[in-house]
Enquirer: 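Below are the structure tokens for one structure; questions will follow.
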Amino acid sequence: MRLENGDDRSTCHSIENSDGGADVSPENFSPAIDATEGLLVPPLNFSMVDYGVFRSGFPDIANFSFLQTLGLRSIIYLCPEPYPEANVEFLNANGIRPFQFAIEGSKEPPLVNIPEETIREALRVVLDEKNRPLLIHCKRGKHRTGCLVGCLRKLQNWCLTSIFDEYQRYAAEKARVSDLRFMELFDISGFKQPPTFCSHTKN
């Protein structure tokens, strides 16, 4: 559902920083900070996935100035709840197109099954060059976001060990076996292998 208003990649990768999240590589992405405007605050669990693709938890008003530095064209929102009015106004003011894929969250077993077709639709949005730069987020940037990024990594020929390692850096002690199983079994045969993403500037 959409809101309308190094080495060979087949080798294992280790991506981490001192905060326990993924590094902002490639090229150790770092947005400029304007001292006259104060410190820019990224959303929870923010990181760069690849050129023009970012991930995070739910952004709030305190994060809007930071998000403006990314030149986003799109946001992929993986929760069923409506976007807060302040977020909708921010997207409209900055010409950012929202895509909503309503994946239910679950804290306790039995876990809600991850809808494969919904993840496939979201992945098509990620792979569409005209939608980048884009931000992928759910509530905390752990499970739903982690599954979508993990499926992207399969397309990039990452080995499962590296995919699971990246997922667990965000999920930590809340990592879910069901998520790992979903990523392991996700069928990428219907997708073309993407080239390395290039950085984009919004016109």
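On a predicted model such as this, the values are computed, not experimentally measured, just so you know. Here, residue 1 is the first one in the sequence, and each next residue gets the next number.
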Enquirer: Using the side-chain contact (heavy atoms from CB on, under 4.5 Å) rule, take Tyr167 and Asp179 through it: C-alpha gap first, then chi angles, then the decisive distance, then the call.
Expert: CA-CA 9 Å; Tyr167 168 87; Asp179 288 350; 2.6 Å; yes

Enquirer: Given 3.5 Å as the limit, does a donor-acceptor pair link the side chain of Arg132 with the main chain of Leu127, or not?
Expert: yes

Enquirer: So, for Asn87 and Pro59, which heavy atoms are closest and what is the spacing to 0.1 Å?
Expert: ND2-O, 3.0 Å

Enquirer: As an exercise, state the distance from CZ of Arg73 to CD of Glu129, rounded to the nearest 0.5 Å.
Expert: 7.5 Å

Enquirer: Applying a strict under-4.5 Å side-chain criterion to I, L, V, M, F, W and Y, I'd like to know whether Leu40 and Met48 cluster together.
Expert: yes

Enquirer: So if you build clusters from Ile, Leu, Val, Met, Phe, Trp, Tyr with side-chain heavy-atom gaps below 4.5 Å, do Leu135 and Val88 land together?
Expert: yes

Enquirer: Calculate, to the nearest 0.5 Å, the distance between atoms CG and CZ belonging to Leu72 and Arg97 respectively.
Expert: 14.5 Å

Enquirer: Take the angle between the ring planes of Phe58 and His137 and call it parallel below 30°, perpendicular above 60°, tilted in between.
Expert: perpendicular

Enquirer: Would you give the length of the straight line joining atom SG of Cys151 to atom CD1 of Ile163, rounded to the nearest 0.5 angstrom?
Expert: 8.0 Å

Enquirer: Strictly distance-based, threshold 3.5 Å: is any side-chain N or O of Asn131 a donor or acceptor partner for the main-chain N or O of Val125?
Expert: yes

Enquirer: Output the distance between atom SG (Cys159) and atom CG (Asp165), rounded to the nearest 0.5 Å.
Expert: 9.0 Å

Enquirer: Determine whether Cys79 and Phe101 satisfy the following criterion, side-chain contact (heavy atoms from CB on, under 4.5 Å), listing intermediate values before the conclusion.
Expert: CA-CA 6 Å; Cys79 301; Phe101 298 93; over 6 Å; no

Enquirer: Could you give me the CA-CA distance, side-chain angles and deciding distance for Phe90 and Asn94, then say whether side-chain contact (heavy atoms from CB on, under 4.5 Å) is met?
Expert: CA-CA 6 Å; Phe90 171 76; Asn94 290 275; 3.2 Å; yes

Enquirer: Answer with yes or no whether the hydrophobic clustering places Leu155 together with Ile114; edges join I, L, V, M, F, W, Y residues whose side-chain heavy atoms lie under 4.5 Å apart.
Expert: yes

Enquirer: For Glu85, is the CD atom crowded, meaning more than 12 foreign heavy atoms sit under 6.0 Å from it?
Expert: no

Enquirer: Keeping the roles fixed (side chain from Arg144, backbone from Ile103), state whether a donor-acceptor pair exists under 3.5 Å.
Expert: yes

Enquirer: If hydrophobic clusters are built by linking Ile, Leu, Val, Met, Phe, Trp and Tyr wherever their side-chain heavy atoms come under 4.5 Å apart, do Val149 and Phe191 end up in the same one?
Expert: yes

Enquirer: Would a 4.5 Å heavy-atom cut-off, applied to side chains only, mark Phe54 and Pro133 as touching?
Expert: yes

Enquirer: Think Arg55 forms a cation-pi with Tyr170, using NZ or CZ under 6.0 Å from the six-ring centre and within 45 degrees of its axis?
Expert: yes

Enquirer: Provide the closest heavy-atom pair for Ile76 versus Leu134 in the form atom of the first, atom of the second, distance.
Expert: CD1-CD1, 4.2 Å

Enquirer: So does Leu160 have more than 12 non-hydrogen atoms from other groups sitting under 6.0 Å from CG?
Expert: yes

Enquirer: Could you check if a side-chain atom of Arg153 sits within less than 4.5 angstrom of a side-chain atom of Ser162, using non-hydrogen atoms only?
Expert: no

Enquirer: Please examine the side chains of Leu91 and Pro98, heavy atoms only from C-beta on, and report whether any two atoms are closer than 4.5 Å.
Expert: yes

Enquirer: Any chance you could measure Met183, atom CE, to Ser178, atom OG, to the nearest 0.5 Å?
Expert: 9.0 Å

Enquirer: Which heavy atom of Ser74 sits nearest to which heavy atom of Phe99, and what is that distance?
Expert: OG-CE1, 3.7 Å

Enquirer: What distance do Ile188 atom CD1 and Lys154 atom NZ have between them, rounded to the nearest 0.5 Å?
Expert: 6.0 Å

Enquirer: Testing Ile119, Thr118, Thr145 one by one against Leu78 for a side chain to side chain contact (heavy atoms under 4.5 Å, CB included), which residue passes?
Expert: Thr145

Enquirer: Pick one: which of Asn63, Val41, Leu70 meets side chain to side chain contact (heavy atoms under 4.5 Å, CB included) with Phe46?
Expert: Leu70

Enquirer: Do the side chains of Arg124 and Glu121 get close enough for a salt bridge, i.e. N-O under 4.0 angstrom?
Expert: no

Enquirer: Which heavy atom of Pro43 sits nearest a heavy atom of Gly57, and at what distance?
Expert: CB-O, 3.8 Å

Enquirer: Report yes if the distance between the aromatic ring centroids of Tyr77 and Tyr83 is under 6.0 Å, otherwise no.
Expert: yes

Enquirer: Write down the atom of Asp187, the atom of Glu116, and the distance for their closest heavy-atom approach.
Expert: N-OE2, 4.0 Å

Enquirer: Which heavy atom in Phe64 sits nearest to a heavy atom in Ala86, and how many Å separate them?
Expert: CE1-O, 3.7 Å

Enquirer: Apply the test side-chain contact (heavy atoms from CB on, under 4.5 Å) to residues Glu184 and Leu180: give CA-CA distance (whole Å), side-chain angles for both, the deciding distance (0.1 Å), then the verdict.
Expert: CA-CA 6 Å; Glu184 180 181 5; Leu180 301 178; over 6 Å; no

